[in-house]
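Take a look at the structure set out below.
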Amino acid sequence: MIKSSKYFIQSTIFLFLLYTYSCSIVRKINLTVTDLGRHLKNGELFIHNFSIPAGNLYSYTCPDYPFINHHWGSGVIFYLIKTFSGFNGLSIFIILISIATLFLFFHVAWKYSSFEIAALVAVIAIPTMASRFRIRPEVFSYFFCALFFWILYNWKNKRIKHNFLILLPILEILWVNLHIYFFIGIILIGIFLLDCLIAFFIHKSKETRVFLKQISVVFIFSIIATLLNPATVKGALYPFKILVNFGIDTFDLQSVYQLRKVIAMTQFDFPPLFYFSLIFNLFLLSWVFVLIKLIKRKAPFPFIRLALSIIFSFMALTAVRNFAIFGYFALPIIAINLRSCIKKDIDNLLGYLIVFLLVILIFFCLFLAKPQFWPDKRTFGIGLEKGTTDAINLFQNEKIQGPVFNNFDTGGYLTYYLYPQQRVFIDNRPEAYPLDLKNTYLACQKDDTQWERLRSAYNFNVIFFSPHVNTPWGQSFLLRRLLDPLWAPVYVDDYFIIFLRRKGPNQGTIEKYELPKDIFFPDK
């Protein structure tokens, strides 16, 4: 009776964790702020034409500029799911693969620590895990990280047979065609390989020799697997070259240090930084406990956990986009670290009830700390977010003619709805554009002289921008266009603002839809 009650409470706690995690990532799809539209278009081109774009064909500014499409496979999967089950099905797919990712990391934390420690750490780590909730190809990297780690850690601890290792090179073939973080798979195998190598040199036993041989073969074949992509060697090396031509300092590549400076200057609130700081401090504290044990020589040297900690801490501290992947790995690492200091298991119902109440308490404390991080009524749910197609409906119904000057974040949205009839000026792939164009794109928002040169060069008829663009030069550019007699605002909502050039091919639309200036300057 007591044992069945314990399992019931464990199941309840785990289901609550899954529910909490699901609620934090269940967001309606907003094509206006992500590059999902471009991924769907990539998938469409592959399914219908069996082609993988090798150039920047979605842009009229540099259609022949070489580009390695390192996530083409994700676009195919997204497109097929969307085709057969719509945006609702796409939302559900992301939720399911995200839950599978959490389960694998939690399972390692549970089995090599304890359920109660894993549950308490998980509820603190979940907000960080969910910080990249939008539909992106990186969701596959999170899942493969979980699967690789689960297989390798269980193999190392003799919980599963070595035959499972055969899956890793096969999975690596999929990973290299789904997302650029495929190199993490090689790093994970390499860490376990080094651990086996150290053990072999120390013990020189038959068992360590067998383990070293098994992981070495998998490591070699996994490296070969990275070559099985459309760009072969260039594709395999692309993760180490992609930032060379980036040129634009995107928000998700900000370091924690840079982000703190921005927040201090602008009072900008970014909840994921709060949650990351919380789990990172707990992460450091867990290592203090391990260090004390090591000094007292009461624990073996945890090479694997230390190597993982260094790598994923570095990734998270140097780029905001890596908060989530750090959160996933922090869960098992913290739980196992704490287990080395808390040996006694909870074996009574009162103890599990206390753990359950602690999980609930931590959840509500986190919710109250940064409630704006959790989805609101408008964004909570599945499928396409309401209102995101209104701007494009006007564009298509009025047959608005380009060329279009758009900002960085609207490129994927326009590509999805307008390509091949119209192409974009730029999109949110800095690596896919030459440096001089990116410099011009930024300069024309800061300086009207540069803007006039660019406008004359491309003869823009449309400006399609995000009204809440989060750069001071972007806001300044929009303000100047509102005061510019050459441009007429014809549409604005929370997602987009559209200007049309006067005395151009869209004059009829201006006459029907021009917006009065007082809606933008109500106090004037």
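Bear in mind the structure is a predicted one, so any value in this text is a computation, not a measurement.
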Give me the ring orientation class for F326 and F280: parallel if the planes are under 30° apart, tilted from 30 to 60°, perpendicular past 60°. tilted

Do R305 and S286 pass the side chain to side chain donor-acceptor pair (under 3.5 Å) test, and can you show the C-alpha distance, the side-chain angles, and the key distance before you say yes or no? CA-CA 12 Å; R305 298 202 308 276; S286 75; over 6 Å; no

So Y19 and F16, would you call those rings parallel, tilted or perpendicular, with 30° and 60° as cut-offs? tilted

Measure across A225 and I173 and return the closest heavy-atom pair with its distance rounded to 0.1 Å. CB-CG1, 3.6 Å

Pairwise distance CZ(F329) to CD1(I311) - rounded to 0.5 angstrom: 9.0 Å

Determine, for Y112 and R159, whether the Lys NZ or Arg CZ falls below 6.0 Å from the six-membered ring centre while staying within 45 degrees of the axis. yes

Set out, in order, the CA-CA distance, both residues' side-chain angles and the distance that settles ring pair (Phe, Tyr, Trp, His ring centres under 6.0 Å) for F106 and F115, then state yes or no. CA-CA 9 Å; F106 184 85; F115 180 85; 5.8 Å; yes

Verify the neighbour count for atom CZ of F183: are there more than 12 heavy atoms of other residues, nucleotides or ligands below 6.0 Å? yes

Below 4.5 Å, heavy atoms only, C-beta onward: do I333 and F312 meet side chain to side chain? no

Can you see which heavy atom on A236 is nearest to which on N229, and at what distance? N-ND2, 3.7 Å

What verdict does the side chain to side chain contact (heavy atoms under 4.5 Å, CB included) test give for Q214 and W155, after you've listed the backbone C-alpha separation in whole Å, the side-chain angles of each residue and the deciding distance to 0.1 Å? CA-CA 10 Å; Q214 290 171 354; W155 163 78; 3.0 Å; yes

Below 4.5 Å, heavy atoms only, C-beta onward: do F143 and L104 meet side chain to side chain? yes

Can you list every salt bridge (Lys or Arg N to Asp or Glu O under 4.0 Å) pair that touches residues 135-151, not counting sequence neighbours? R132-E138, E138-R321

The test is side chain to side chain contact (heavy atoms under 4.5 Å, CB included); show your working for S22 and I99 and say whether it passes. CA-CA 7 Å; S22 299; I99 287 175; 3.3 Å; yes

Measure from the side-chain N and O atoms of S476 to the backbone N and O of P472, and report whether any donor-acceptor pair falls under 3.5 Å. no

d(D427 CG, D35 CG) to nearest 0.5 Å is 8.5 Å

Y441-Y433 aromatic ring centre distance below 6.0 Å: no

With under 30° as parallel and over 60° as perpendicular, where do the rings of H70 and H179 fit, or are they tilted in between? perpendicular

Interatomic distance, CD1@I126 vs CG@L331, rounded to 0.5 Å, equals 8.5 Å

Minimum heavy-atom distance Y495-K386, with the two atoms named: OH-O, 3.4 Å

Does any non-hydrogen side-chain atom of V218 lie less than 4.5 Å from one of P169? yes

Heavy-atom check, side chain of I191 versus side chain of F303, under 4.5 Å: yes

Answer whether the closest heavy-atom distance between the side chains of I151 and L165 falls below 4.5 Å. yes

Do you know which two heavy atoms are closest between I25 and A130, and how far apart they sit? CG2-CB, 3.6 Å

Look up atom CG in L259 and atom CZ in F323, then write down how far apart they are to the nearest 0.5 Å. 6.0 Å

So, does N154 use its side chain to make a donor-acceptor pair with the main chain of I160 at under 3.5 Å? no

Not counting sequence neighbours, which residues clear salt bridge (charged side-chain N to carboxylate O under 4.0 Å, His left out) with K156? List them please. D195

Sort out for me which residue in F496, F465, F408 forms a ring-ring contact (aromatic ring centres under 6.0 Å, His included) with Y413. F496

Non-hydrogen side-chain atoms of V26 and I95 separated by less than 4.5 Å: yes

Aromatic ring centroids of Y181 and W175 under 6.0 Å? no

Side chain to side chain contact (heavy atoms under 4.5 Å, CB included), that's the test. Do T226 and F182 meet it? Break it down for me. CA-CA 8 Å; T226 64; F182 65 86; 4.0 Å; yes

Does any N or O in the side chain of S113 come within less than 3.5 Å of the main-chain N or O of A335, such that one atom is a donor and the other an acceptor? yes

Could you check whether the rings of F103 and H107 sit parallel, tilted or perpendicular, using 30° and 60° as the cut-offs? tilted

Taking the side chain from E385 and the backbone from F380, do they hold a donor-acceptor pair closer than 3.5 Å? no

As an exercise, state the distance from CG of L188 to CG of L308, rounded to the nearest 0.5 Å. 6.5 Å

Ring-face cation contact, F200 with K204, 6.0 Å cut, 45° max: yes

Taking all non-hydrogen atoms of both residues, which atom of S466 and which atom of D409 are closest, and how far apart? OG-CB, 4.4 Å

Taking the side chain as every heavy atom from C-beta outward, state whether R339 and S114 have any pair of such atoms under 4.5 Å apart. yes

S131 side chain to P127 main-chain N or O, any donor-acceptor pair under 3.5 Å? no

Working to the nearest 0.5 Å, report the span between CD1 of I184 and CE of M315. 4.0 Å

When you measure from the side chain of N177 to the backbone of W72, do you find a donor-acceptor pair of N or O atoms at a distance under 3.5 Å? no

Could you check whether any side-chain heavy atom of W287 comes within less than 4.5 Å of a side-chain heavy atom of L291, counting everything from C-beta outward? no

Output field: ring centroids Y328/F149 closer than 6.0 Å: no

Grab the two heavy atoms, one from I68 and one from A231, that are nearest each other, plus how far apart they are. CG2-CB, 4.0 Å

Taking side-chain contact (heavy atoms from CB on, under 4.5 Å) as the criterion, tell me which of L384, I81, I77 meets it with L90. I81

S141 side chain to P137 main-chain N or O, any donor-acceptor pair under 3.5 Å? no

Side-chain (T388) to main-chain (N30) donor-acceptor, under 3.5 angstrom: no

Go through the steps for L212 and L193 under the test side chain to side chain contact (heavy atoms under 4.5 Å, CB included), then give the verdict. CA-CA 7 Å; L212 181 59; L193 172 60; 3.7 Å; yes

Using the ring of each side chain (for Trp, its six-membered ring), is H39 parallel, tilted or perpendicular to H71, with breaks at 30° and 60°? perpendicular

